[in-house]
Each structure stands twice: as structure tokens, then as C-alpha cells.
Amino acid sequence: MTSTLASAAELYLDGGWTAGGGTFTTANPTTGETLAEVAAADAADVDRAVEAAARALRGEWAATPPSAKGALLHTLAGLVERDVETLARLEAQDMGVPLGIAQGLFVPNLIASLRYYAGWADKINGDLLATDGYFGAPTHSYTRREPIGVIAAIVPWNAPLMILGWKLAPALATGNTVIVKPPEDASLSILHLARLVDEAGFPAGTVQVLPGLGEVAGEALTLHPGVHKVSFTGSTEVGRRILRNSATHFTRTTLELGGKSPQIIFDDADLESAVRGAAMGLFTNQGRVCAAGTRILVHRSVADAMLDGLTQAAEAQVLGDPLAPETTMGPLVNAAQRDRVLGYLHRGLDEGATLVAGGAAPDGPGHFVAPTVFAGGNDITISREEIFGPVGTVITFDDDAEAIALANDNRYGLAATVWTSDVRRAHAVAAALEAGAVGVNGWSPLAPQLPWGGLKASGIGRELGHEGILANTESKTVTVVL
Ligand code: NAD
């Protein structure tokens with residue numbers, strides 16, 4: 001572990017490790033103790049990285065054949081497989097996710113993205129297009145899908161490696177170069193990944209990792225004329241700022257932002273699996289999931305059963321050290337985030353919600369908040385705003401139309417879950433929901449084949465699947481007059 005943390009104080013830039021303009025410290029949210037000193041890139045570091053990325057884009061990376069790009073992605077996937085334990089422990093220590101989730105979900109998801117897009121690397125095709133000809137002459141027209149160029153990947157702390165995989169793998173498969181800005185609250189796992197990139201043998205400048213502060217390194221990337229695309233995952237507020245910055249140089253931008261996702265439980269649902277799934281949607285990673293199903297819309301006839309089930313699920317959570325095997329819920333990432341979540345708990349009570357489970361921060365060190373369930377309406381603050389903690393509201397409805405109206409009555413539109421045994425109802429409701437992804441009888445299925453992204457304040461654009469290829473390429477139309 002010591003050797004893993006040793007390079008945290010350096011940037012991975014142009015194929016080597018180098019000091020940045022400054023440093024900052026990252027803390028262990030379980031103990032509050034300093035974990036590591038981390039390099040902080042400044043605007044001059046960003047300039048150097050963009051120059052190196054541009055060189056690789058025109059040079060060695062451009063000259064790397066598509067199948068060799070795919071092979072490099074497979075090599076990187078193999079190295080991540082070798083180091084699953086190290087990477088998972090770093091995330092558990094740095095941002096508090098239980099080790100089993102990092103090991104069993106987050107890192108395997110990164111591996112799956114790398115392998116899926118490794119397969120795409122030599123299958124990037126345009127179209128052959130028929131036209132009516134050009135002043136009587138026939139034409140041969142086609143589209144090419146070309147790399148966009150230098151891509152800045154800006155990543156949040158709630159699942160750094162998994163979310164980076166959604167950006168890095170399709171960007172590299174399509175021939176772009178990538179500058180990664182890890183989150184300041186959890187840079188360590190991505191810095192270890194940079195070592196694996198180096199070991200895999202990617203040409204210098206193809207992938208660079210610049211930890212640092214959002215308002216310094218992140219801001220410099222989004223305003224840099226040499227950055228051709230920003231792929232951002234994070235809060236809606238920062239996403240809005242990035243979109244404004246992107247207007248400066250018409251930088252292509254995808255935004256994966258916040259959510260307030262509904263889980264709709266109909267009266268014909270298998271209640272046992274609905275309780276299990278709804279609890280998973282509420283409590284996984286302490287509720288710090290963009291797709292967290294925090295508005296639990298329940299048919300009135302099954303509301304008591306769902307409340308009982310969710311209460312039991314909340315009480316069954318084991319809070320503690322994320323590295324301990326029995327822990328199902330670790331701390332929140334820092335004191336500010338814990339206090340923010342506690343503020344929402346007070347707000348819920350002030351606005352008339354009924355506390356059903358949890359509702360407080362346990363005594364002792366670490367930034368813990370008890371898993372919390374309220375019963376209340378869709379209009380109160382805790383039902384409208386993203387809390388990013390283990391807090392949900394159970395809201396009742398009487399018919400399908402009301403369930404759909406409640407689900408759509410929110411500024412976010414990322415994901416939704418429907419629990420029903422009626423297949424016609426499942427498809428009809430899925431079609432009516434304002435969400436980028438709908439899961440039926442399963443909370444938030446994630447796979448590299450499935451496009452991911454949001455409507456409304458949840459963002460712009462899609463990642464993953466074939467849409468991830470389109471989002472990382474420009475289309476060029478070529479017409480030859482014959
Ligand atoms: P955040 O917006 O505070 O930070 C995200 C990243 O942006 C960090 O790397 C940060 O350093 C950087 N940043 C901050 N200010 C910046 C600026 N001015 N310019 C450029 N970059 C800047 O978000 P967070 O607190 O790290 O993450 C939580 C948020 O992420 C939640 O809202 C959550 O819903 C969202 N999220 C969305 C998805 C999705 O797929 N839609 C997935 C995970 C998380």
C-alpha cells in the first residue's frame with residue numbers, strides 16, 4: 001500500500017511522473033486522518049498536458065493501428081484485473097465505499113468497459129450514402145467517424161474508477177487522447193490506474209492524469225482552446241458552469257449530472273424483491289449514486305408492507321470501517337457532506353415528513369449518517385433535491401397515471417425503476433417516464449452495452465454502448481463526384 005501512495009504527489013504527464021504546481025491532502029473519511037499528499041495541477045500543468053495530448057494525437061497514437069489500440073485496452077484491463085484488490089482498497093479508504101462493492105462492482109465495471117470498447121476499436125465504421133447525383137454526374141458519398149481530439153475527462157468522487165471507465169474506454173477505442181481530472185476527494189485509485197496505463201505501454205500523452213482542484217485544474221481544462229471535448233460527470237451546478245465555459249471555444253460537451261430517481265412499486269409487484277431492490281437503490285454506496293432511487297412511489301395498498309420492509313432493510317445495514325468484511329455502509333466522503341445530509345434530515349422533519357427509520361449521525365469518529373427512511377409527499381425539499389446520502393422518501397399513489405405524474409414531477413430525469421408483474425404495464429410506464437434509463441424489476445442495471453445518461457437537469461448526451469462511440473467521434477461527409 002505504501003508504494004501505491006508514493007506517487008500520489010505527482011502528476012502523470014506526457015508518459016512520466018512530475019511535480020505539479022501545488023499539492024493538497026486527502027483524508028480517510030472513516031478516521032478523519034490524512035491518507036496522502038496529492039499533486040495539484042495548475043493552469044501551466046494543464047497547458048503542458050494539452051500540448052502532450054496534441055502531440056500523441058497527431059503522432060504515435062494516430063499511427064497505432066485500430067486492432068493494436070484494442071489490444072492495449074485489453075492489456076490495461078488485464079492489469080486492472082491483477083490489481084483489483086489494490087484499486088478497491090484505495091477507493092474504500094479514500095471515499096468510504098464498502099470494500100466488497102468496490103471489489104465486486106466498481107472495479108469489475110471498469111474492466112468490463114475496457115474490454116467492451118477494446119472490441120470496438122477495429123469496428124469504427126461510417127456509412128455509404130446514396131444521392132441523386134451532382135449536376136447529372138453520379139457521386140460516391142460516405143461518412144468517416146474520426147476522433148474528436150483531446151478529451152478532458154472530469155470525474156466525481158462517488159465511483160471514480162467506474163465512471164472514468166465510461167469515458168476513457170470509448171475515447172481511446174475511437175483514437176482520442178484523454179486528460180483525466182480525478183476528484184479532489186478521491187484521487188488515489190485513478191493515480192494507481194495511471195501506473196497501469198504506463199505499464200500497459202500506451203504512447204506518451206495518450207492518457208494523462210492531472211489531479212487537482214476543480215476550480216483550478218478543472219476550470220483550466222474546460223476553458224483550454226486545445227481541449228476539443230469535455231466529458232463531465234458531477235453535480236448539476238458545476239455542469240452548468242462547464243457548459244458556459246464550453247461555449248468559449250465551442251468545446252463538445254457531455255454532462256452526466258445529478259438525479260432524484262423514482263422507484264415505482266405497483267400493487268402487482270413481487271413485494272419481497274421490490275423491497276430488496278428498492279433498498280439497494282436507496283442504500284448502495286451510502287446513497288451516493290447518481291441513479292439512487294430516493295423517491296419510492298408506492299401503491300397505497302402496499303405502502304405499509306413497503307414501509308415495514310424498508311425499515312427492516314435500514315436496520316439491517318452495518319455501519320463501519322469500509323475495509324471490514326461485515327460493513328455494508330461506510331462513511332460519507334467528508335464532514336461537509338455529512339452536515340449537508342443532516343441538514344436535509346432536519347428539513348424533512350420541519351416540512352412535515354414522518355421519520356420511519358434512522359434520522360441521525362451515530363456518535364464517534366467518521367462522517368457516518370444512519371440509513372434513513374421518511375414517509376411524505378413529493379413536494380417537500382427532501383423529495384425534490386438530490387441529497388447524495390442514504391435518505392429516501394416513501395410517497396403513496398392511487399393509480400398508474402398518478403404514479404407517472406409524480407415520477408415525472410422533478411427537475412431531474414436520470415433513471416427510474418418500475419416494479420410490476422404485468423408486462424404491458426411495464427412497457428407502457430417505461431415509455432411514459434422522463435428518464436434516460438428505466439429498470440423493470442431490477443434497480444439501475446448497468447452494463448457497458450447499455451447507453452447511460454439523463455434528461456432535464458440530469459445532463460446532456462449519452463455514454464456507453466454504441467452511443468459512446470458516436471459521442472467520441474466527429475462525423476465527416478466525403479463526396480466524390482464521379
Ligand atoms: P462535483 O460537481 O463537485 O465535482 C465533480 C468533478 O468536477 C470533480 O472532479 C471536481 O474537481 C470537478 N470540478 C469542480 N468544479 C469545477 C469547475 N469549475 N470546472 C471544472 N471541473 C470542476 O461533483 P461531486 O460532488 O464530485 O459528485 C457528486 C455529483 O456527481 C452528484 O450530483 C451525482 O449525482 C453526480 N454523478 C452523476 C453521475 C451520472 O452518471 N449522471 C454519476 C455519478 C455522479
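Counting starts at 1 for both ligands and their atoms, in listed order. All heavy atoms count here, side chains included; hydrogens, waters and symmetry mates do not. Since we're looking at a predicted model, the values are computed, not measured.
- For ligand 1, the polar-atom distance check against Leu257 finds a nitrogen or oxygen pair separated by under 3.5 Å.
- Checked by distance only, ligand 1 and Val155 come closer than 3.5 Å through their nitrogen or oxygen atoms.
- Within the 4.0 Å heavy-atom cutoff, Gly453 does not count among the residues contacting ligand 1.
- Which of Gly214, Ala415, Gly259 comes nearest to atom 13 (N) of ligand 1 through a heavy atom is settled by distance: it is Gly214.
- The residue from Cys290, Gly258, Gly234 that puts a heavy atom closest to atom 35 (C) of ligand 1 is Gly234.
- Shown here are the ring-ring contact (aromatic ring centres under 6.0 Å, His included) partners of Phe106, two or more places apart in sequence or in another chain: there are none.
- Between Thr222 and ligand 1, not a single N/O pair is under 3.5 Å apart.
- The residue among Met95, Glu219, Gln337 with a heavy atom at the shortest distance from atom 18 (N) of ligand 1 is Glu219.
- At least one N/O-N/O distance between Ser235 and ligand 1 falls below 3.5 Å.
- Taking the six-membered ring for Trp and the full ring otherwise, the centers of Trp166 and Tyr117 sit at least 6.0 Å from each other.
- Counting heavy atoms only, Glu386 comes closest to atom 31 (C) of ligand 1 of the residues Glu256, Glu463, Glu386, Lys260.
- Residue-to-ligand polar distances place Glu184 within reach of ligand 1: an N/O pair is separated by less than 3.5 Å.
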Which pairs would a plain distance check flag for residues 18-26, meaning a side-chain donor or acceptor within less than 3.5 Å of a matching protein atom at least two apart in sequence or in another chain?
from  : atom 1 : to    : atom 2 : distance (Å)
Thr18 : OG1    : Arg48 : NH2    : 3.4
Thr23 : OG1    : Glu37 : OE2    : 2.9
Thr26 : OG1    : Asp94 : OD1    : 2.9

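- Where the criterion is an N or O separation shorter than 3.5 Å, residue side chain and backbone included, Thr233 fails it with respect to ligand 1.
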